[in-house]
Amino acid sequence: MEVAKETPEQWQARLEAIAPELIEELNTKKEPDKGLKALDIEEGQQVVMRFAPNPNGPPTLGSTRGIVVNSEYVKKYGGKFIIRFDDTDPQTKRPMLEAYDWYVDDCKWLGANPDEIVIASDRVPIYYDYARKLIEMGHAYVCFCDGADFKKFKDAKEPCPHRNASPEENMEHWDKMLAGEYEEKSAVLRIKTDITHKDPALRDFGAFRIVKTAHPRLEVGDKYCVWPLLDFEGAIEDHELGMTHIIRGKDLMDSEKRQTYIYNYLGWTYPKTTHWGRVKMHEFGKFSTSGLRQAIEAGEYSGWDDPRLPTIRAIRRRGILPEAIRKFMIELGVGETDISISMDSLYAENRKLVDSVANRYFFVWDPVELEITDAEPCTTTPALHPTEDRGCREIEVNNKVYICKEDADKLQEGSKLRLKDLYNVEITSMEPLQAKYLGDSMESMKKEKMRIVHWSPMDGVPVKVLSPDGDFTGIGEKQVATELNKVVQFERFGFCRIDSVDEKIVAYYTHK
RNA sequence: GCUCCGGUAGUGUAGUCCGGCCAAUCAUUCCGGCCUUUCGAGCCGAAGACUCGGGUUCGAAUCCCGGCCGGAGCACCA
């Protein structure tokens, strides 16, 4: 009671008297957690985690969160990382055949080598077995209600007329379903939960429906006309595959509650779950897979790796390194807050990695000729990198160079400027653009505060840069051709990945 | 309508479980300065936040209640 009136200092003195061992705890500073939070792991437990996409479109930057975080935990604790294709909808979210390989390939690229690859459409008989079991136990029933009718019952917390059918009747109906005797939408298998549950989302949910469209995978084709829905398929698989932990979007929080009914019926233990919120990228609007496919087919985009798209294929092609994405995603962590992030942060991460390895070159966009009327032919040897000792490139210059139009536009007769790594000039004529040689003294350049511009020799090669903000065409040093598949920096422009080298060089813009 | 999450600087993030080390961490962004023959990097400096209102408490970012805002679920999509 007296304690209340004392100052913290007095408490400390008292504490020292009664419990000196606690003083140390008082004085130790809490260490801020770095990286991913610890997983709730049981003693000696091997973690098994998965990334479970529907391959109905290409993996995107959004997918990388699931890939990186799940695989990172597996790396951290030792265990198994599984990629599972939840491709049980041949119709509405019809899988895209190429995407299966893309996902696996992009996982590997991201350093998330899957220990196991599981395709749900290969395992339908397993789901059927469990469906039977649940029907026998009286936990599932075939419902013939129209969707709207069922909703009415459900909203009223009332069982639909089919809910009380006997297991035997249900089994009969189920067999007919499997035999294809019912039309699409005329019957579904439901799992009984609690029809009076206060949360309408948890009342009797659908587990299987009838789809008479063939599956795009040739191995599967039209083998099945009854397909499981996510809550069922996922529930069974997570158990079958021995999942210990699940991390996924919080939109699937109710899923867990629904699936828990199945787990309880079958006497299983649900994996530990963590959720994250929605992620939006500032730079990218909404891309629907179907919309994108149309736009690509219509030629609006060059393909799934068009630099304007947020697909992993595009990002890779642009020269973003997997380590940058990993760091970025791990830094994000797994909060339940919906977030909206900017590519700038990813670019900053990538820049740190790429800056020291990228060689520097000149690339002049919108080139205009500049003649230096009295220049002697010469050779200049600018360093390939400003700080790393990686040698030089050699450029021969006669009496003409290209400079960017936007630099030329700022000039007028009498302007003095420095051609970077070459020499100083003074403009003598604007049309045609001509200059006279002014020596190569750095001192006078500094004293007169000349602008420094980059340039390109007359024997340069045509370069086209594809960027999210449009294309740039111009001339670059011919040595750029030796950098195929590497990221270079075009000075005063930005980092680019050299994508192809023919008569013309094509580069993908990475970032500033 | 019913139900469930969430809300810390421009953007992310730590801290919230278990109230006092928090006049709140780190990164990025932005703005200055230095350095540099580009840009970036680097170095120095600056700006910038606990959604609001009540309550509990000696003490609240942290616990409780309510409002506001945002997201999600209630699909024969995943």
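Proteins get letters first, then strands, A, B, ... in listed order; numbering begins at 1 in each.
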| query | What does A:Leu202 touch in the nucleic acid at a heavy-atom separation under 4.0 angstrom: a base, only the sugar-phosphate, or nothing? | reply | nothing
| query | Between A:Lys154 and B:A75, is there a side-chain N or O to OP1/OP2 distance below 4.0 Å? | reply | yes
| Has A:Thr88 got a side-chain N or O lying under 4.0 Å from the OP1 or OP2 atom of B:A78? | yes
| query | Between A:Arg258 and B:A75, does any side-chain N or O lie under 4.0 Å from OP1 or OP2? | reply | no
| task | Have a look at A:Leu230 and say if it touches a base, only the backbone sugar-phosphate, or nothing, with a 4.0 Å heavy-atom cut-off. | result | base
| field | Salt-bridge criterion met for A:Asp407 and A:Arg492 (N-O under 4.0 Å) | value | yes
| query | Can you tell me how far P in B:G19 sits from the matching atom in B:U57, rounded to whole Å? | reply | 16 Å
Review item, nucleotides 2-8 of chain B N/O atoms under 3.5 Å of protein N/O:
residue: B:C2; atom: O2'; partner: A:Lys198; partner atom: O; Å: 3.0
residue: B:U3; atom: O2'; partner: A:Asp199; partner atom: OD1; Å: 3.4
residue: B:U3; atom: O2'; partner: A:Asp199; partner atom: OD2; Å: 2.5
residue: B:C4; atom: OP1; partner: A:Lys198; partner atom: NZ; Å: 3.1
residue: B:C5; atom: O3'; partner: A:Glu336; partner atom: OE1; Å: 3.2
residue: B:C5; atom: O2'; partner: A:Glu336; partner atom: OE1; Å: 2.6

| task | For A:Trp174 and B:C76, give me the distance from atom CH2 to atom C1', rounded to whole Å. | result | 13 Å
| query | At what distance, to the nearest 0.5 angstrom, does OG of A:Ser441 lie from OH of A:Tyr423? | reply | 15.0 Å
| query | Any salt bridge between A:Arg190 and A:Asp204, counting N to O under 4.0 Å? | reply | no
| said: Between B:C17 and B:A78, how many Å separate the two C1' atoms, rounded to a whole number? | reply: 32 Å
| request: Give one of base, sugar-phosphate or nothing for A:Pro386, where a contact means two heavy atoms less than 4.0 Å apart. | output: base
| Contacting residues from residues 347-366 of chain A, given that a heavy atom lies under 4.0 angstrom of RNA chain B | A:Ala348, A:Arg351, A:Lys352, A:Asp355, A:Arg360
| Tell me: CG of A:Leu252 to P of B:G73, nearest whole Å? | 9 Å
| said: Here's one to test your reading of the geometry: is the NZ or CZ of A:Arg393 within 45 degrees of the ring axis of A:Phe362 and under 6.0 Å from its centre? | reply: yes
| said: Using a 6.0 Å cut-off, check whether atom NZ of A:Lys272 has over 12 heavy atoms from anything other than its own residue. | reply: yes
| request: Please determine if A:Asp122 and A:Arg217 form a salt bridge, counting it only when a charged side-chain N lies under 4.0 Å from a carboxylate O. | output: yes
| task | Between B:U13, B:U29, B:A75, spot the one nearest the side chain of A:Lys151, thanks. | result | B:A75
| said: Without decimals, in angstroms, what is the distance between A:Leu419 CG and B:U37 P? | reply: 16 Å
| said: If I pick the P atom on B:C26 and the same atom on B:A46, what distance separates them, to the nearest angstrom? | reply: 13 Å
| Dot-bracket summary - RNA chain B, pairs being Watson-Crick or G-U whose distances fall under 3.5 Å, with | when paired to another strand | (((((((..(((.......[.....)))..((((.......)))).....(((((..]....))))))))))))....
| query | Roughly how far apart, to the nearest Å, are B:C30 and B:A47 at atom C1'? | reply | 8 Å
| How far does the P atom of B:U25 sit from the matching atom of B:G48, given to the nearest Å? | 13 Å
| task | Would you classify A:Cys145 as touching base, sugar-phosphate or nothing, given that sugar-phosphate means primed atoms plus P, OP1 and OP2, and contacts are heavy atoms under 4.0 Å? | result | base
| request: Write down the distance separating the P atoms in B:U16 and B:G6, rounded off to the nearest Å. | output: 15 Å
| request: Between B:G59 and B:G66, how far apart are the P atoms? Round to whole Å, please. | output: 23 Å
| query | Base, sugar-phosphate alone, or nothing: which one does A:Asp89 contact when heavy atoms must sit under 4.0 Å apart? | reply | sugar-phosphate
| query | Do the side-chain N or O atoms of A:Arg278 get closer than 4.0 angstrom to the phosphate oxygens (OP1, OP2) of B:A72? | reply | yes
| said: Would you measure the distance from the P atom in B:U8 across to the matching atom in B:U13 and give it in whole Å? | reply: 8 Å
| message | Can you tell whether the side chains of A:Asp86 and A:Arg84 come within less than 4.0 Å, N to carboxylate O? | response | yes
| said: Just to be sure I understand the rule, does A:Thr387 reach a base, reach only the sugar-phosphate, or reach nothing, if contact means heavy atoms closer than 4.0 Å? | reply: nothing
| request: Assess whether atom NZ of A:Lys280 is packed by more than 12 heavy atoms of other residues, nucleotides or ligands within 6.0 Å. | output: no
